Amino acid sequence: MEKWENNKAWFLVVPVLAFVAFSALIPLMTVVNYSVQDILAPGESVFVGTEWFKKVLHDYRLHDALWRQFLFSGLVLLIEMPLGILIALAMPKKGWGVSFSLVTLALPLLIPWNTIGSIWIIFTRPDIGLFGAAINSLGLAFDHTRRPLDAWITLMLMEVWHWTPLVALLAYAGLRAIPEMYYQAAKIDGASAWSTFRYIQLPKMRGVLTIALLLRFMDSFLIYAEPFVLTGGGPGDATTFLSIYLVKIATGQFDLGMASAFSLIYFLIVLLLCFVFYQVLQNVGKGARI
Amino acid sequence: MKLEWMYWTPITAGFFIIIALMLVGMGVWEVIAPSIERRRFLPISTTRGDRFFIGLLCSAYINIAWVGLTDWSLWFALPISIVWLVIVMRFG
Amino acid sequence: MKGKKKTIALAVYFILLFLPIYWMLNMSLRTNADILSTLTLYPADPTWKNYIKIFTDSDWYSGFINSIIYVTINTMISLTVALPAAYAFSRYTFIGDKHIFFWLLSNRMAPAAVFLLPFFQLYSTIGLIDTYIAVALAHCLFNVPLAVWILEGFMSGIPREIDETAFIDGYSLPRFFVTIFIPLIRAGVGVTAFFCFMFSWVELLFARTLTVTSAKPIGAVMTRTISATGLDWGLMAAAGVLTIVPGALVIWFVRDYMAKGFALGRV
């Protein structure tokens with residue numbers, strides 16, 4: 001099914017461009033301007049060329065934060081995507097269970113992000129939190145404020161708790177769109193559950209899984225509010241992800257130029273990875289479509 | 001309307017003007033002679049616009065690598081980026 | 001047998017999902033002193049004090065009203081501009097279509113922290129600071145691309161013969177779009193509205209930066225629970241429980257659309 005070729009379609013896109021360009025381009029240009037200058041006082045600045053970029057690229061704490069960020073986003077995707085798909089596969093297909101599951105899944109998604117952090121602070125406290133108390137009663141010393149590993153475990157738990165429902169919701173919607181006849185055909189062929197999944201369900205879910213993967217990648221790579229509230233980047237630098245470090249530079253040291261240079265590099269990394277993911281997901285299975 | 005807070009400099013202004021002109025140029029080129037998707041050394045089949053985007057993104061990384069790895073002026077990275085952009089556009 | 005195992009696994013997952021929310025509910029029904037002194041699995045002496053405080057203190061309830069107003073404006077703007085654009089992307093090819101699509105998406109990828117300052121300056125310059133429309137517009141940055149994406153997926157699922165038939169019958173594009181096409185993708189509009197609502201509701205960096213007092217979102221009001229004596233956990237938990245309610249209502253209304261499913265993209 002070829003699309004109609006018509007450049008008049010541009011007029012339909014113009015409203016979107018107007019809305020988004022206004023909010024996107026002017027701040028982006030301003031950040032580029034910041035990044036090549038040293039702003040001494042409002043309205044007073046010196047051109048410094050690539051100095052800030054040089055400083056950012058040679059900042060070892062930043063390198064550490066970057067690897068930490070890759071590890072975090074990688075783990076998030078590795079856990080949340082399969083788990084979300086499994087949940088979607090297990091969800092009921094009719095009856096009251098559908099409404100119940102959908103509404104339940106949405107609950108964690110609807111809490112403002114800083115509140116999520118606050119809930120988990122108290123939830124994991126050994127003295128008054130359910131999770132902390134339960135772990136401690138098992139005889140394990142658990143303290144996310146002092147031990148880096150515990151801080152990571154807590155953050156991952158929070159992140160998986162918070163965002164897996166998004167993947168599950170999208171995957172479920174993708175599964176429900178598959179017409180019943182595909183399953184019947186698979187049954188007649190005597191296909192196993194795995195091959196039904198691999199050759200029917202997974203390819204049909206490609207569209208929604210692309211959205212889920214890109215959203216989860218972007219949001220986890222840019223994560224700020226939840227770890228900031230829960231651990232504040234600590235203990236030490238153990239959970240200082242890129243955004244947390246960025247805010248430390250921007251507000252803690254008032255290095256607007258450096259923070260801007262950092263933001264632009266950060267943005268380029270996300271842009272490149274999203275482009276690669278997008279292309280891979282668009283092209284995967286294109287040849288082997290059923 | 002006051003716009004001092006944008007802190008324009010001649011170099012960044014020039015940068016954005018050139019990018020904008022290149023985008024307009026690509027648009028005009030596409031109207032005059034629409035491009036066909038093809039596949040050469042890049043791992044995906046691309047149109048001219050795709051190659052332009054890939055070339056620009058690579059150029060950004062070339063410049064960053066230049067700043068990060070060398071102490072020479074960024075102006076030397078510019079011809080490399082342009083050459084790379086041309087290679088991607090022509091042979092990619 | 002296999003179905004049963006699945007159900008049990010799902011039930012376990014839902015219980016785990018509920019635990020932190022239950023804990024919040026539990027805290028919201030207790031006084032702060034009680035929360036900080038003992039660990040109880042259920043409120044031994046439940047009190048509505050925290051909720052009453054939120055519903056009677058204008059700072060608190062106006063935070064909720066502000067959030068609901070700008071989220072609603074944002075959802076409406078997002079849908080209004082995204083519908084025609086999504087139609088264009090799903091039906092036509094035009095110069096730069098793929099690139100515009102990806103560029104739209106790229107607006108979600110910028111780290112907000114530094115971009116907030118020019119944002120604040122920009123909205124000050126045009127005199128929109130501390131208004132609902134400012135936050136609604138700022139949230140368009142990440143909601144419009146998502147709305148276009150999801151809607152485009154739904155629209156691609158509608159065969160193009162329907163458009164062609166309508167045009168042959170003498171429908172103009174706007175009339176066809178409003179009277180035939182939008183009803184056809186009702187489900188898509190509902191699902192998109194939910195996602196726009198959700199992402200705008202939970203976002204705080206923009207909302208907090210662009211507001212001072214009169215459009216302050218609930219999330220920002222909640223940071224006020226930090227007082228001289230420390231955090232008022234009970235109050236915070238009660239507000240947290242209440243923040244779930246509007247979104248839960250929205251998903252309740254669109255649950256059937258969600259359950260119908262969407263594959264997004266040409267399957």
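These numbers come from the heavy atoms of this one structure, side chains and all, not from hydrogens, waters or symmetry mates. Here is how names work: the chains are called A, B, and so on, in the same order as the sequence lines, proteins then strands, and each is numbered from 1. Not measured: the values here are computed from a predicted model.
- Rounded to the nearest 0.5 angstrom, Ser90(C) OG and Arg160(C) CZ are separated by 8.0 Å.
- Looking at Ala21(A), the atoms closer than 4.5 Å to chain C (heavy atoms on both sides) sit in the backbone and in the side chain alike.
- Contacts between Phe100(A) and chain C at a heavy-atom distance below 4.5 Å involve the side chain alone, from C-beta outward.
- Between Ala239(C) and Phe64(C) the shortest heavy-atom distance is O-CZ, 3.7 Å.
- Residues Phe228(A) and Tyr224(A) bring their aromatic ring centres within 6.0 Å.
- Heavy atoms closer than 4.5 Å to chain A are found in both the backbone and the side chain of Phe115(C).
- Separating the CG atom in Leu242(A) from the CG atom in Leu66(A) is a distance of 5.5 Å, to the nearest 0.5 Å.
- At distances below 3.5 Å, at least one donor-acceptor pair connects side-chain atoms of Ser137(A) with backbone N or O atoms of Ala134(A).
- Proximity of the aromatic rings of Phe199(C) and Phe142(C) is defined here by a centroid distance below 6.0 angstrom, and this criterion is not met.
- If you check the side chains of Ser243(A) and Tyr266(A), you find a donor sitting under 3.5 Å from an acceptor.
- Proximity to chain A (any heavy atom under 4.5 Å) is restricted, for Phe195(C), to the side chain, taken from C-beta onward.
- Both the backbone and the side chain of Ile211(A) come within contact range of chain C, each with at least one heavy atom under 4.5 Å from a heavy atom of that chain.
- Options Leu256(A), Asn114(A), Val247(A) differ in how many heavy-atom pairs under 4.5 Å they form with chain C, and the most are formed by Asn114(A).
- Contact annotation for Phe177(C): neither backbone nor side-chain heavy atoms come within less than 4.5 Å of a heavy atom of chain A.
- Using a 4.5 Å cut-off between heavy atoms, Leu166(A) contacts chain C through its side chain alone, with no backbone atom that close.
- Highest contact tally toward chain A, considering only Gln121(C), Glu203(C), Met24(C), is held by Met24(C) [criterion: heavy-atom pairs under 4.5 Å].
- Contacts between Leu137(C) and chain A at a heavy-atom distance below 4.5 Å involve backbone atoms as well as side-chain atoms.
- Using a 4.5 Å cut-off between heavy atoms, Leu204(C) touches chain A through its side chain atoms alone.
- The closest side-chain donor-acceptor pair between Thr124(A) and Thr154(A), if any, does not fall under 3.5 angstrom.
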